[in-house]
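Beneath this line is the structure, given in structure tokens, with notes to follow.
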Amino acid sequence: MRILCVAEKPSIAKAVSEHLAGGRVQVRNTQNKYIKNYCFDYDFGQGWGNCSVTMTAVLGHLTSTQFPPQYKDWKHPPPDRLFDAPVQTIIAEDKTDVAANIEQQAKYCQGLCIWTDCDREGEHIGHEICEAAKKGNSRLNIRRARFSNIERAHVLNAARNLVALDEKQVNAVSARIELDLRIGYAFTRFLSNNLKPMGEPLTSKVISYGSCQFPTLGFVVDRYFRVKNFKPEPFWSIKVMHKREGIDVHFAWARNRLFDRAAVIILYERCLSAKMAEVTKVQEKPTKKWKPLPLTTVELQKMATRFLRLTGQQAMTAAESLYNKGFISYPRTETDRFDKGMNLQALVQKQTPDNRWGQFAQDLLNGGFSQPRQGRNDDKAHPPIHPITYAAPSVLGEDEKKVYEFVVRRFLACCSEDAKGVATDIDIMYGEEAFHAHGVVVLERNYLDVYVYDKWTGTAQLPKFTVGERFEPFEAIMTDGKTTAPSYLTEADLIALMDANGIGTDATMAEHIQKIQDREYVSTVPRASRPADDGDDGGDPPARGARGGRGSRGGRGGASTTASRVGVMEFIPTKLGVALIEGFDRMNFETSLGKPFLRKEMELKMKAICEGRTTRQAVLNESIGQYRQVYNQSQEKLQVLKAACRQYLFENGVG
DNA sequence: GCAAGGTC
């Protein structure tokens with residue numbers, strides 16, 4: 001028997017060939033410079049038995065979907081005809097040589113084995129490969145290998161346990177492709193046709209709509225309005241200080257702060273009249289700062305935009321280049337747990353020559369090694385991003401150097417122990433009011449020594465207090481302050497929002513962010529340093545609980561405490577961006593195009609197809625009907641959208 | 001001139 005094996009990308013074809021062949025591989029070039037055919041013998045066991053195998057690859061999707069030529073003009077027929085126009089699936093222009101290789105090889109084979117990634121898109125790519133192969137040989141016996149990493153035993157196991165291609169997943173993706181095409185083209189033409197005649201700057205632009213780009217823009221506009229409409233609110237608090245053993249101890253108020261001055265005055269005066277405070281609890285217990293989780297694509301991008309002064313796209317370009325040179329593993333992954341079978345210490349070993357972290361790596365090998373934490377995500381296709389071989393700084397470009405250093409430090413941190421310390425908590429009652437002092441002393445830095453992006457400074461050692469003792473506080477004062485506005489979105493915030501709302505994939509998020517900049521819907525400016533809440537005195541850590549209080553939702557998650565460093569870019573919508581989102585919002589549809597719901601709905605429908613609860617055709621009918629309705633409503637209320645454009649673009653509406 | 005998803 002002759003068997004053709006096809007992977008989603010050349011690196012997988014190469015790795016799988018090496019495992020299956022056990023050393024004896026013939027490598028042949030193809031028409032495509034990235035793709036090689038690997039020829040070897042392999043025994044598939046009970047199914048196909050001993051076979052002569054050719055293993056090759058595609059480069060992602062083979063086909064592209066398009067409208068027939070009579071729909072080329074943007075105005076005739078009108079854009080809404082694209083909702084039911086026929087769509088054609090053709091071999092993509094730049095993939096003809098890839099498809100030809102598969103068609104040709106299939107002629108000599110009786111069996112086809114699909115080795116694409118184990119995700120929905122991979123299943124669809126598998127289907128595209130089948131169609132290309134059938135052109136060469138319509139009587140192929142088709143199977144699929146299910147594998148989630150390219151560790152040797154795992155790959156061999158997959159080859160002996162072949163399954164069928166999952167048509168449901170293929171159909172789910174095919175529905176996604178068709179909907180994105182129809183809706184994207186129809187609304188892009190609608191917006192451009194109707195808004196361009198309003199005059200510059202619209203006339204010379206393409207005003208596009210996409211199921212990912214618009215919600216991404218929506219996040220930026222939403223935050224912009226939250227900042228713009230923010231009203232600072234005054235608040236009051238009580239701060240208790242006490243000096244002992246030469247150390248100033250700050251007791252934070254358990255109520256944090258109140259927005260009622262009279263109430264605080266009353267509570268404050270009760271404290272003062274009590275005179276003595278009583279220690280109600282003293283607790284000293286071990287604490288730790290957890291080492292980071294294994295690295296995913298989304299996390300790489302967030303960290304790169306925060307700490308490496310790169311955009312998400314620059315980080316991805318550098319990571320892809322490092323991957324293609326063999327320095328790091330595949331950079332597009334959602335997986336944050338390492339497979340048990342991986343030899344991580346061998347990878348640590350490779351880093352010992354470096355003069356920045358080599359000693360740290362050596363120390364891990366000398367007993368400091370600790371198994372990485374296991375995150376909850378597994379895309380069943382790729383391991384977390386990790387270094388493969390050592391790359392000296394001299395062989396890397398500027399961006400590559402930064403990304404490689406980050407990937408290595410993150411990996412070594414994952415293989416280290418958590419940082420350890422001891423936390424001291426002291427609770428006091430001062431009259432009727434509770435106050436709290438918290439101190440941390442760092443004892444073992446461990447992973448922090450290599451992972452320079454995390455900080456854990458600790459505080460001064462707290463002096464000794466004893467439960468039941470009474471003392472007169474050194475100082476008790478009433479403080480006041482104002483809530484501060486949330487800040488504009490950073491790229492890390494935006495990526496986190498997209499991730500949480502299912503907008504785009506790890507491989508495309510950065511592209512969508514770039515797209516809304518290219519379309520001039522948003523722009524970026526360096527973050528100015530901004531003052532903290534007036535009420536938060538410097539020095540001591542702020543009381544626990546939400547900063548910002550009411551009126552300041554958003555903005556201030558734990559993440560932005562690091563992101564607020566100067567030099568990080570923040571995203572602000574342009575007048576056009578605001579006009580588009582506001583325009584659609586004011587049309588008041590039940591399904592607003594600027595919100596992330598629609599994409600989420602699409603995701604749920606794809607899942608339903610995969611689980612057999614609905615069909616591709618049912619989803620297409622339903623979704624196309626829904627969007628056609630939105631289109632018709634948009635046409636009826638076009639004046640609302642145009643008015644928003646006039647307001648923001650031509651009346652100096654926003655600055 | 002237009003989408004989003006793979007990958008190089």
Side-chain angles (χ1 to χ4, degrees), chain A residues 6-14 30 32-36 57-67 71-75 79 82-83 85 87 89 92 94-95 97-98 116-129 169-170 172-196 202-216 297 316-317 319-325 330-333 379 381-382 498 502-516 518-519 593 598-599 602-603 606 627:
Chain A
V6 186
E8 186 164 322
K9 45 187 159 280
S11 63
I12 298 285
K14 181 165 192 276
T30 72
N32 185 291
K33 64 175 172 175
Y34 300 110
I35 295 177
K36 301 208 180 330
V58 290
L59 301 167
H61 286 288
L62 261 185
T63 61
S64 97
T65 304
Q66 60 178 34
F67 293 107
Y71 294 88
K72 239 171 82 179
D73 190 274
W74 282 41
K75 289 189 172 152
L82 297 178
F83 287 121
V87 292
T89 299
D94 54 342
K95 302 290 173 58
D97 51 357
V98 183
T116 48
D117 292 354
C118 271
D119 50 30
R120 278 195 310 236
E121 297 292 333
E123 216 65 18
H124 191 270
I125 292 167
H127 173 76
E128 295 171 60
I129 293 166
Q169 290 189 58
V170 174
V173 171
S174 138
R176 197 260 315 145
I177 290 171
E178 189 175 324
L179 286 173
D180 279 337
L181 177 74
R182 292 189 189 281
I183 298 160
Y185 271 45
F187 278 100
T188 297
R189 289 181 182 184
F190 169 81
L191 286 174
S192 298
N193 290 348
N194 285 304
L195 301 183
K196 273 167 167 264
L202 296 175
T203 307
S204 48
K205 283 188 161 74
V206 167
I207 303 155
S208 63
Y209 170 82
S211 59
C212 289
Q213 49 179 277
F214 245 57
T216 305
T297 306
M316 286 311 291
T317 303
E320 279 151 19
S321 160
L322 288 165
Y323 159 69
N324 286 319
K325 292 176 185 169
Y330 190 67
R332 292 185 276 267
T333 175
D379 64 16
H382 305 284
M498 295 173 75
I503 305 300
T505 68
D506 50 10
T508 60
M509 281 179 200
E511 289 172 28
H512 299 311
I513 294 172
Q514 186 60 53
K515 175 82 78 185
I516 61 174
D518 294 345
R519 292 274 184 259
L593 292 183
L598 288 174
R599 187 73 208 185
M602 169 115 74
E603 186 62 33
M606 283 170 74
Y627 279 95

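Chain letters run A, B, ... following the sequence lines, proteins first, then strands; residues in each count from 1. No experiment lies behind these values; they were computed from the predicted model shown.
- OP1 or OP2 of dA3(B) lies within a sub-4.0 Å distance of a side-chain N or O belonging to Ser208(A).
- Toward the 5′ end of DNA chain B lies the nearest nucleotide of Lys196(A), the other residue of the pair Thr505(A) and Lys196(A) mapping further downstream.
- Of the possible polar contacts, one joining the Asn193(A) side chain to the Trp74(A) backbone as a donor-acceptor pair under 3.5 Å is found.
- Gln213(A) comes within 4.0 angstrom of the backbone, heavy atoms only, and of no base.
- With salt bridges taken as basic N to acidic carboxylate O contacts below 4.0 Å, one links Asp117(A) and Lys9(A).
- Ring geometry for Phe187(A) against Phe190(A) counts as perpendicular: the plane angle is over 60°, on a 0 to 90° scale with 30° as the lower cut.
- Taking both residues in full, the closest heavy atoms of Thr116(A) and Gly122(A) are given as OG1-O, 2.9 Å, listed atom of the first, atom of the second, then distance.
- Side-chain atoms of Thr333(A) come within 3.5 Å of backbone atoms of His382(A) as a donor-acceptor pair (strictly under, hydrogens ignored).
- Where stacking is scored as ring centres under 5.5 Å apart with planes under 30°, Trp74(A) registers as stacked on the base of dC2(B).
- Distance Arg176(A) CZ to dA4(B) C1': 5 Å, rounded to the nearest Å.
- Candidate nucleotides dC2(B), dG1(B), dT7(B) were compared by shortest atom distance to the side chain of Arg189(A), and dC2(B) ranks first.
- Residue Asp94(A) contributes atom CG, which lies 10 Å from atom C1' of dC8(B) at whole-angstrom precision.
- Of all nucleotides listed (dG5(B), dC8(B), dA3(B)), dA3(B) comes nearest to the side chain of Thr188(A).
- Counting non-hydrogen atoms under 4.0 angstrom, Ser211(A) reaches the backbone sugars and phosphates but no base.
- Look at CD1 on Ile129(A): it is 12 Å from P on dT7(B), rounded to the nearest Å.
- Using a 4.0 Å heavy-atom criterion, one finds that Asn324(A) contacts the sugar-phosphate atoms exclusively.
- Spacing between atom CD of Glu8(A) and atom C1' of dG5(B) amounts to 10 Å, rounded to whole angstrom units.
- Both Val206(A) and Ile503(A) sit near DNA chain B, but only Val206(A) has its closest nucleotide nearer the 5' end.
- Following rounding to the nearest Å, Glu511(A) (CD) and dA3(B) (C1') show an atom-to-atom distance of 11 Å.
- Between the side chains of Glu128(A) and His124(A), at least one donor-acceptor pair of N or O atoms lies under 3.5 Å.
- Residue-level contact check: Lys515(A) touches the backbone only, with heavy atoms under 4.0 Å from sugar-phosphate atoms and none from bases.
- Counting non-hydrogen atoms under 4.0 angstrom, Gly122(A) reaches nothing in the nucleic acid.
- Heavy atoms of Arg519(A) sit under 4.0 angstrom from primed sugar atoms or phosphate atoms, though from no base atom.
- Within 4.0 Å (heavy atoms only), Thr65(A) reaches at least one base atom of the nucleic acid.
- Ile513(A) places its CD1 atom 15 Å from the C1' atom of dA4(B), with the value rounded to the nearest Å.
- Rounded to whole angstrom, the span from the CZ atom of Phe214(A) across to the C1' atom of dA3(B) amounts to 13 Å.
- Considering only residues two or more places apart in sequence or on other chains, Arg176(A) meets the salt bridge (charged side-chain N to carboxylate O under 4.0 Å, His left out) condition with Glu121(A), Asp180(A).
- One finds no side-chain N or O of His512(A) lying less than 4.0 angstrom from the OP1 or OP2 phosphate oxygen of dA3(B).
- As a whole-Å value, the separation of Leu82(A) CG from dA3(B) P is 13 Å.
- Phosphate contact (OP1/OP2 of dA4(B), side-chain N/O of Thr508(A), threshold under 4.0 Å): absent.
- Contact annotation for Phe67(A): no contact, since no heavy-atom pair falls under 4.0 Å across all strands.
- Between the side chain of Arg182(A) and the main chain of Ala85(A), a donor-acceptor pair closer than 3.5 Å is present.
- A heavy atom lying under 4.0 Å from DNA chain B marks the following residues of residues 179-187 of chain A, by number: Asp180(A), Leu181(A), Gly184(A), Tyr185(A).
- At a threshold of 4.0 angstrom between heavy atoms, the contacts of Pro79(A) with the nucleic acid are absent.
- Listed candidates were dG5(B), dT7(B), dA3(B). Nearest to the side chain of Leu59(A) is dT7(B).
- With sequence neighbours left out, the salt bridge (charged side-chain N to carboxylate O under 4.0 Å, His left out) criterion links Arg519(A) to no other residue.
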